[in-house]
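Heads up: the structure comes next, in C-alpha coordinates.
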Amino acid sequence: VSVLDFAGVDPTGATGSSAGIQAAINSGANTINVPKGTYLIDADLTLPTGFTSNIHIRFEKGAIFKASANNRIFFKSAGTQTFFTQIWDAYLDVNGKTGCVGFDLNGFRHAAGIFFPIFSGAFDHCIKLSELCWDCIIEEPFAQGCVNGILIAHGSNAVQVRKPGFDGLGSAGYGIKIVGGPTYPTTSVSVIGGYIQGFSGAGGIGIWDAGSGTVNGTYGTCIRDVYFELIDFTDIYWDKSLFASAIGCQHYVTSGQNANYGRNCESLRIYSPLMTSGARSVGLYNFDTSNTGCFGDRIIASVSGINLPV
(Lines give C-alpha, C1' and ligand atoms only; values in the text may rest on other atoms or scores of the structure.)
Protein backbone atom coordinates (compact mmCIF):
# COMPACT_ATOMS: atom_id res chain seq x y z
CA VAL A 1 0.00 0.00 0.00
CA SER A 2 0.93 3.65 -0.26
CA VAL A 3 0.45 5.99 2.68
CA LEU A 4 -1.49 8.18 0.24
CA ASP A 5 -4.17 5.47 0.15
CA PHE A 6 -5.20 6.52 3.66
CA ALA A 7 -7.22 9.54 4.74
CA GLY A 8 -5.48 12.51 6.30
CA VAL A 9 -2.05 12.04 4.72
CA ASP A 10 -0.80 15.35 3.33
CA PRO A 11 2.34 15.16 1.14
CA THR A 12 2.67 18.96 1.14
CA GLY A 13 3.55 19.11 4.85
CA ALA A 14 0.91 21.73 5.53
CA THR A 15 -1.07 19.51 7.94
CA GLY A 16 -0.19 16.58 10.15
CA SER A 17 -0.07 13.14 8.57
CA SER A 18 0.59 10.82 11.52
CA ALA A 19 -2.94 9.44 11.83
CA GLY A 20 -3.06 8.35 8.20
CA ILE A 21 0.46 6.92 8.23
CA GLN A 22 -0.34 5.01 11.42
CA ALA A 23 -3.43 3.59 9.69
CA ALA A 24 -1.18 2.34 6.88
CA ILE A 25 1.18 0.72 9.41
CA ASN A 26 -1.79 -0.95 11.13
CA SER A 27 -3.43 -2.09 7.87
CA GLY A 28 -1.79 -5.50 7.72
CA ALA A 29 0.06 -4.72 4.50
CA ASN A 30 3.53 -6.21 4.24
CA THR A 31 5.03 -3.25 2.35
CA ILE A 32 4.20 0.40 2.97
CA ASN A 33 5.47 2.94 0.45
CA VAL A 34 6.04 6.60 1.24
CA PRO A 35 5.94 8.56 -2.06
CA LYS A 36 7.91 11.73 -2.71
CA GLY A 37 6.65 14.59 -0.55
CA THR A 38 6.95 16.26 2.84
CA TYR A 39 4.99 14.70 5.68
CA LEU A 40 4.48 16.49 8.99
CA ILE A 41 4.71 13.99 11.85
CA ASP A 42 2.39 15.33 14.51
CA ALA A 43 2.24 12.19 16.71
CA ASP A 44 4.73 9.41 17.38
CA LEU A 45 4.40 6.48 14.96
CA THR A 46 4.17 3.01 16.56
CA LEU A 47 5.44 -0.15 14.87
CA PRO A 48 3.43 -3.37 15.35
CA THR A 49 4.59 -6.25 17.56
CA GLY A 50 4.65 -10.03 17.35
CA PHE A 51 5.59 -12.55 14.67
CA THR A 52 2.99 -11.08 12.35
CA SER A 53 4.51 -7.58 12.44
CA ASN A 54 6.79 -8.35 9.48
CA ILE A 55 6.42 -5.04 7.62
CA HIS A 56 8.72 -3.09 5.34
CA ILE A 57 8.40 0.70 5.21
CA ARG A 58 10.06 2.14 2.11
CA PHE A 59 10.70 5.82 1.50
CA GLU A 60 10.86 6.87 -2.13
CA LYS A 61 13.50 9.40 -3.14
CA GLY A 62 12.34 12.83 -2.06
CA ALA A 63 10.09 11.60 0.77
CA ILE A 64 10.77 13.46 4.03
CA PHE A 65 9.25 13.17 7.50
CA LYS A 66 9.44 16.41 9.52
CA ALA A 67 8.83 16.84 13.24
CA SER A 68 5.90 19.02 14.25
CA ALA A 69 7.03 19.65 17.85
CA ASN A 70 9.85 19.23 20.33
CA ASN A 71 10.53 15.75 21.76
CA ARG A 72 8.91 13.98 18.81
CA ILE A 73 9.72 10.29 18.34
CA PHE A 74 9.33 9.43 14.68
CA PHE A 75 9.14 5.63 15.13
CA LYS A 76 8.74 3.64 18.34
CA SER A 77 7.75 0.09 19.22
CA ALA A 78 4.77 -0.83 21.38
CA GLY A 79 6.33 -3.78 23.20
CA THR A 80 9.36 -6.05 23.27
CA GLN A 81 8.64 -8.20 20.20
CA THR A 82 8.84 -6.31 16.92
CA PHE A 83 9.90 -9.04 14.51
CA PHE A 84 11.13 -8.99 10.88
CA THR A 85 10.43 -5.27 10.50
CA GLN A 86 12.58 -3.19 8.15
CA ILE A 87 12.63 0.53 7.36
CA TRP A 88 14.38 1.58 4.14
CA ASP A 89 15.75 4.97 3.06
CA ALA A 90 14.03 7.01 5.77
CA TYR A 91 14.76 10.74 5.63
CA LEU A 92 13.92 12.32 9.00
CA ASP A 93 14.20 16.06 9.71
CA VAL A 94 13.86 17.63 13.17
CA ASN A 95 12.56 20.76 11.45
CA GLY A 96 14.28 23.04 13.97
CA LYS A 97 12.78 21.24 16.97
CA THR A 98 14.68 19.88 19.99
CA GLY A 99 14.72 16.61 21.91
CA CYS A 100 13.64 14.51 18.93
CA VAL A 101 14.45 10.81 18.46
CA GLY A 102 14.36 9.09 15.09
CA PHE A 103 13.81 5.51 16.28
CA ASP A 104 13.18 4.42 19.90
CA LEU A 105 12.75 0.66 19.77
CA ASN A 106 12.33 -2.25 22.18
CA GLY A 107 12.47 -5.84 20.98
CA PHE A 108 13.44 -4.93 17.43
CA ARG A 109 14.67 -8.35 16.36
CA HIS A 110 15.09 -11.29 13.98
CA ALA A 111 16.03 -10.01 10.51
CA ALA A 112 14.92 -6.52 11.52
CA GLY A 113 16.80 -3.51 10.23
CA ILE A 114 17.06 0.20 9.53
CA PHE A 115 18.69 0.66 6.13
CA PHE A 116 20.27 3.85 4.75
CA PRO A 117 18.51 6.34 7.06
CA ILE A 118 19.30 10.06 6.89
CA PHE A 119 18.91 12.28 9.94
CA SER A 120 18.84 16.03 9.43
CA GLY A 121 19.30 18.42 12.33
CA ALA A 122 19.96 18.23 16.07
CA PHE A 123 18.45 14.85 16.96
CA ASP A 124 18.73 14.05 20.66
CA HIS A 125 19.32 10.48 19.41
CA CYS A 126 19.07 9.26 15.86
CA ILE A 127 18.45 5.65 16.96
CA LYS A 128 17.84 4.12 20.39
CA LEU A 129 17.73 0.34 20.71
CA SER A 130 16.50 0.58 24.26
CA GLU A 131 15.86 -3.03 25.29
CA LEU A 132 16.12 -6.60 23.96
CA CYS A 133 16.88 -5.83 20.32
CA TRP A 134 18.48 -8.92 18.76
CA ASP A 135 19.92 -9.89 15.42
CA CYS A 136 19.27 -6.55 13.74
CA ILE A 137 21.20 -4.33 11.35
CA ILE A 138 21.66 -0.58 11.09
CA GLU A 139 23.04 0.00 7.59
CA GLU A 140 24.83 3.23 6.63
CA PRO A 141 23.10 5.69 8.95
CA PHE A 142 24.00 9.27 8.03
CA ALA A 143 23.57 12.27 10.32
CA GLN A 144 24.87 15.82 10.45
CA GLY A 145 24.43 17.94 13.54
CA CYS A 146 23.01 15.25 15.83
CA VAL A 147 23.50 15.62 19.59
CA ASN A 148 23.95 11.85 19.91
CA GLY A 149 23.98 9.17 17.24
CA ILE A 150 23.05 5.63 18.33
CA LEU A 151 22.37 4.11 21.77
CA ILE A 152 22.42 0.29 22.01
CA ALA A 153 21.31 -0.81 25.47
CA HIS A 154 19.89 -3.31 27.92
CA GLY A 155 20.14 -6.75 26.33
CA SER A 156 20.36 -5.60 22.71
CA ASN A 157 22.54 -8.40 21.36
CA ALA A 158 24.13 -9.30 18.02
CA VAL A 159 23.47 -5.82 16.66
CA GLN A 160 25.53 -4.67 13.66
CA VAL A 161 26.10 -1.02 12.78
CA ARG A 162 27.58 -0.93 9.29
CA LYS A 163 29.35 2.11 7.83
CA PRO A 164 27.97 4.86 10.07
CA GLY A 165 28.47 8.41 8.88
CA PHE A 166 28.02 10.75 11.87
CA ASP A 167 29.16 14.36 12.16
CA GLY A 168 28.23 15.99 15.46
CA LEU A 169 29.20 19.45 14.14
CA GLY A 170 30.52 20.48 17.55
CA SER A 171 28.27 18.36 19.78
CA ALA A 172 29.53 17.32 23.23
CA GLY A 173 27.62 14.02 22.89
CA TYR A 174 28.64 10.69 21.35
CA GLY A 175 28.47 8.93 18.03
CA ILE A 176 27.60 5.47 19.37
CA LYS A 177 27.13 4.22 22.94
CA ILE A 178 26.84 0.57 23.94
CA VAL A 179 25.63 -0.08 27.49
CA GLY A 180 24.14 -2.89 29.56
CA GLY A 181 21.12 -2.48 31.78
CA PRO A 182 19.57 -3.22 35.16
CA THR A 183 18.43 -6.70 34.05
CA TYR A 184 20.20 -7.74 30.84
CA PRO A 185 23.76 -7.54 29.50
CA THR A 186 24.45 -6.21 26.00
CA THR A 187 26.60 -8.60 23.99
CA SER A 188 28.26 -9.02 20.60
CA VAL A 189 27.65 -5.55 19.21
CA SER A 190 29.70 -4.74 16.09
CA VAL A 191 30.51 -1.38 14.49
CA ILE A 192 32.08 -1.92 11.08
CA GLY A 193 33.56 0.74 8.80
CA GLY A 194 32.37 4.28 8.21
CA TYR A 195 33.35 7.41 10.10
CA ILE A 196 32.48 9.32 13.27
CA GLN A 197 33.59 12.93 13.58
CA GLY A 198 32.70 16.35 14.89
CA PHE A 199 31.85 15.45 18.51
CA SER A 200 34.26 18.22 19.38
CA GLY A 201 32.43 19.84 22.29
CA ALA A 202 34.04 19.36 25.71
CA GLY A 203 33.79 15.67 26.61
CA GLY A 204 32.68 14.52 23.16
CA ILE A 205 33.13 10.79 22.50
CA GLY A 206 33.26 8.82 19.26
CA ILE A 207 32.24 5.33 20.45
CA TRP A 208 31.57 4.63 24.13
CA ASP A 209 31.55 1.01 25.31
CA ALA A 210 29.99 1.66 28.70
CA GLY A 211 30.07 -1.71 30.42
CA SER A 212 29.24 -1.88 34.09
CA GLY A 213 31.88 -4.50 34.87
CA THR A 214 29.13 -6.81 36.18
CA VAL A 215 26.88 -9.53 34.78
CA ASN A 216 24.69 -6.84 33.22
CA GLY A 217 27.46 -4.93 31.48
CA THR A 218 28.74 -5.22 27.90
CA TYR A 219 30.52 -8.23 26.45
CA GLY A 220 32.34 -8.74 23.21
CA THR A 221 31.92 -5.34 21.58
CA CYS A 222 33.88 -5.24 18.31
CA ILE A 223 34.86 -2.00 16.53
CA ARG A 224 36.48 -2.52 13.16
CA ASP A 225 37.90 -0.19 10.49
CA VAL A 226 36.19 2.99 11.76
CA TYR A 227 37.70 6.41 10.98
CA PHE A 228 37.61 9.06 13.72
CA GLU A 229 38.24 12.79 13.42
CA LEU A 230 37.63 15.93 15.50
CA ILE A 231 36.59 14.15 18.71
CA ASP A 232 37.28 16.14 21.88
CA PHE A 233 37.73 13.63 24.72
CA THR A 234 38.34 10.26 23.13
CA ASP A 235 37.67 8.42 19.90
CA ILE A 236 36.91 5.16 21.74
CA TYR A 237 36.09 5.13 25.45
CA TRP A 238 36.59 1.65 26.88
CA ASP A 239 34.65 1.95 30.14
CA LYS A 240 34.59 -1.31 32.14
CA SER A 241 34.61 -3.21 28.85
CA LEU A 242 34.82 -7.01 28.97
CA PHE A 243 36.24 -9.17 26.13
CA ALA A 244 36.03 -6.33 23.61
CA SER A 245 38.22 -5.54 20.61
CA ALA A 246 39.13 -2.84 18.10
CA ILE A 247 40.75 -3.75 14.80
CA GLY A 248 42.25 -1.44 12.21
CA CYS A 249 40.67 1.84 13.37
CA GLN A 250 42.10 5.14 12.15
CA HIS A 251 42.53 8.08 14.52
CA TYR A 252 43.07 11.45 12.89
CA VAL A 253 44.50 13.82 15.43
CA THR A 254 43.48 17.32 14.48
CA SER A 255 42.09 17.78 18.01
CA GLY A 256 41.27 15.90 21.17
CA GLN A 257 42.99 14.08 23.98
CA ASN A 258 42.90 10.30 23.46
CA ALA A 259 42.54 7.82 20.66
CA ASN A 260 41.76 4.92 23.05
CA TYR A 261 40.90 5.67 26.68
CA GLY A 262 40.48 2.64 28.96
CA ARG A 263 39.46 2.25 32.58
CA ASN A 264 38.59 -0.92 34.52
CA CYS A 265 38.61 -3.13 31.40
CA GLU A 266 39.35 -6.83 31.21
CA SER A 267 40.62 -8.84 28.24
CA LEU A 268 40.39 -5.96 25.79
CA ARG A 269 42.35 -6.34 22.54
CA ILE A 270 43.37 -3.52 20.18
CA TYR A 271 45.00 -4.45 16.88
CA SER A 272 46.59 -2.31 14.16
CA PRO A 273 45.38 1.16 15.13
CA LEU A 274 46.61 3.97 12.89
CA MET A 275 47.15 7.49 14.21
CA THR A 276 48.01 10.19 11.67
CA SER A 277 49.14 13.84 11.70
CA GLY A 278 51.07 13.95 14.94
CA ALA A 279 50.05 13.18 18.51
CA ARG A 280 47.14 14.06 20.74
CA SER A 281 47.64 15.44 24.20
CA VAL A 282 47.82 11.84 25.43
CA GLY A 283 48.14 9.79 22.28
CA LEU A 284 47.18 6.42 20.89
CA TYR A 285 46.47 4.78 24.26
CA ASN A 286 45.58 6.09 27.70
CA PHE A 287 45.19 3.06 29.96
CA ASP A 288 45.99 2.95 33.67
CA THR A 289 46.54 0.06 36.08
CA SER A 290 42.79 -0.47 36.58
CA ASN A 291 42.87 -2.54 33.35
CA THR A 292 43.72 -6.25 33.45
CA GLY A 293 44.58 -8.74 30.73
CA CYS A 294 44.49 -6.10 28.00
CA PHE A 295 46.65 -5.89 24.88
CA GLY A 296 47.55 -3.23 22.33
CA ASP A 297 49.85 -4.06 19.44
CA ARG A 298 51.30 -0.57 18.98
CA ILE A 299 52.79 1.08 22.03
CA ILE A 300 54.08 4.64 22.15
CA ALA A 301 56.49 4.52 25.07
CA SER A 302 57.11 8.27 25.14
CA VAL A 303 53.49 9.01 26.01
CA SER A 304 52.51 9.02 29.68
CA GLY A 305 49.61 6.95 30.96
CA ILE A 306 50.45 3.85 28.93
CA ASN A 307 50.56 0.42 30.52
CA LEU A 308 49.75 -1.89 27.61
CA PRO A 309 50.07 -4.79 27.42
CA VAL A 310 48.98 -5.48 31.02
Worked verdict on Phe199 versus Phe166 for side chain to side chain contact (heavy atoms under 4.5 Å, CB included)
CA-CA 9 Å; Phe199 292 90; Phe166 289 140; 4.2 Å; yes
In Å, rounded to the nearest 0.5 Å, how long is the span from [atom1] of [X] to [atom2] of [Y]?
| X | Y | atom1 | atom2 | answer |
| --- | --- | --- | --- | --- |
| Glu229 | Asp235 | CD | CG | 10.0 Å |
| Phe83 | Ser77 | CZ | OG | 11.5 Å |
| Ile127 | Cys136 | CD1 | SG | 9.5 Å |
| Leu242 | Glu266 | CG | CD | 6.0 Å |
| Cys265 | Asn260 | SG | CG | 10.0 Å |
| Cys133 | Lys128 | SG | NZ | 11.5 Å |

Any side-chain heavy-atom pair from [X] and [Y] closer than 4.5 angstrom?
| X | Y | result |
| --- | --- | --- |
| His251 | Leu284 | yes |
| Tyr237 | Tyr174 | no |
| Phe108 | Ser156 | no |
| Ile176 | Val191 | yes |
| Leu230 | Tyr252 | no |
| Pro117 | Asp89 | no |
| Ser18 | Ile21 | no |
| Phe119 | Phe103 | yes |

Membership question, hydrophobic clusters at under 4.5 Å side-chain separation (ILVMFWY): are [Y] and [X] in the same one?
| X | Y | value |
| --- | --- | --- |
| Leu45 | Leu129 | yes |
| Val94 | Val147 | no |
| Ile192 | Ile247 | no |
| Phe74 | Phe6 | yes |
| Ile205 | Tyr261 | yes |

Closest non-hydrogen atom pair, [X] against [Y]:
| X | Y | value |
| --- | --- | --- |
| Arg72 | Ile41 | NE-O, 3.2 Å |
| Trp238 | Ser245 | CH2-O, 3.6 Å |
| Pro182 | Asn216 | O-ND2, 3.3 Å |
| Cys100 | Asn71 | SG-N, 4.0 Å |
| Arg162 | Pro141 | O-CD, 3.7 Å |
| Val34 | Ala63 | O-CB, 3.5 Å |

Let's go through Asp209 and Ser241 carefully: what are the C-alpha distance in whole Å and the side-chain angles of both, what is the deciding distance for side-chain hydrogen bond (donor to acceptor under 3.5 Å, both in side chains) to 0.1 Å, and is it a yes or a no?
CA-CA 6 Å; Asp209 189 43; Ser241 303; 2.7 Å; yes
Using a 3.5 Å distance criterion without hydrogens, assess whether the side chain of [X] forms a donor-acceptor pair with backbone atoms of [Y].
| X | Y | result |
| --- | --- | --- |
| Asp232 | Gly203 | yes |
| Asn148 | Asp124 | yes |
| Asp167 | Leu169 | yes |
| Trp134 | Gly155 | yes |
| Ser171 | Gly168 | no |
| Asp93 | Ile64 | no |
| Asn95 | Ala67 | yes |
| Asn106 | Gln81 | no |
| Thr218 | Thr186 | no |
| Glu131 | Tyr184 | no |

Go through the side-chain N and O atoms of Ser130 and Asp104 and say whether any donor and acceptor fall under 3.5 Å apart.
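Yes, side-chain donor-acceptor contact under 3.5 Å.
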Does the side chain of Asn157 pick up a donor-acceptor pair with the side chain of Thr187 at under 3.5 Å?
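Looking only at side-chain atoms, Thr187 and Asn157 do form a donor-acceptor pair, the distance falling under 3.5 Å.
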I would like to know whether Leu105 and Ile114 meet side chain to side chain contact (heavy atoms under 4.5 Å, CB included); could you show each step before the answer?
CA-CA 11 Å; Leu105 305 174; Ile114 303 169; 4.1 Å; yes
For Asp10, check salt bridge (charged side-chain N to carboxylate O under 4.0 Å, His left out) against everything at least two apart and list the hits.
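Residues passing salt bridge (charged side-chain N to carboxylate O under 4.0 Å, His left out) with Asp10: none at all.
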Run the salt bridge (charged side-chain N to carboxylate O under 4.0 Å, His left out) test against Arg269 and tell me which residues pass, sequence neighbours left out.
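Here no residue qualifies.
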Remaining members of hydrophobic cluster (4.5 Å side-chain criterion), Trp88
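Once heavy-atom contacts under 4.5 Å are chained together, Trp88 belongs with Phe115, Phe116, Ile137.
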Can you list the other members of the hydrophobic cluster that holds Ile73, where links are side-chain heavy atoms under 4.5 angstrom apart?
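Ile73 clusters with Val101.
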List the steps and the verdict of side chain to side chain contact (heavy atoms under 4.5 Å, CB included) for Thr85 and Ile57.
CA-CA 8 Å; Thr85 294; Ile57 301 174; 5.8 Å; no
Any Lys/Arg nitrogen of Glu60 or Lys36 sitting under 4.0 Å from an Asp/Glu carboxylate oxygen of the other?
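No.
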Could you check whether Arg263 pairs with Asp239 (Lys NZ or Arg NE/NH1/NH2 to Asp/Glu carboxylate O, under 4.0 Å)?
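Asp239 and Arg263: not salt-bridged.
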Partners of Phe243 by ring pair (Phe, Tyr, Trp, His ring centres under 6.0 Å), sequence neighbours excluded?
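None.
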In this structure, are over 12 heavy atoms from other groups packed under 6.0 Å from Lys97 atom NZ?
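Atom NZ in Lys97 is crowded, with more than 12 foreign heavy atoms closer than 6.0 Å.
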With side chain to side chain contact (heavy atoms under 4.5 Å, CB included) as the criterion, how do Leu92 and Phe123 come out once you've worked through the C-alpha distance, each side chain's angles and the decisive distance to 0.1 Å?
CA-CA 10 Å; Leu92 309 180; Phe123 275 88; 3.7 Å; yes
Which residue pairs pass the side chain to side chain donor-acceptor pair (under 3.5 Å) test when at least one of the two sits in residues 108-120, sequence neighbours left out?
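Applying side chain to side chain donor-acceptor pair (under 3.5 Å) to every pair that reaches into residues 108-120, excluding sequence neighbours, yields nothing.
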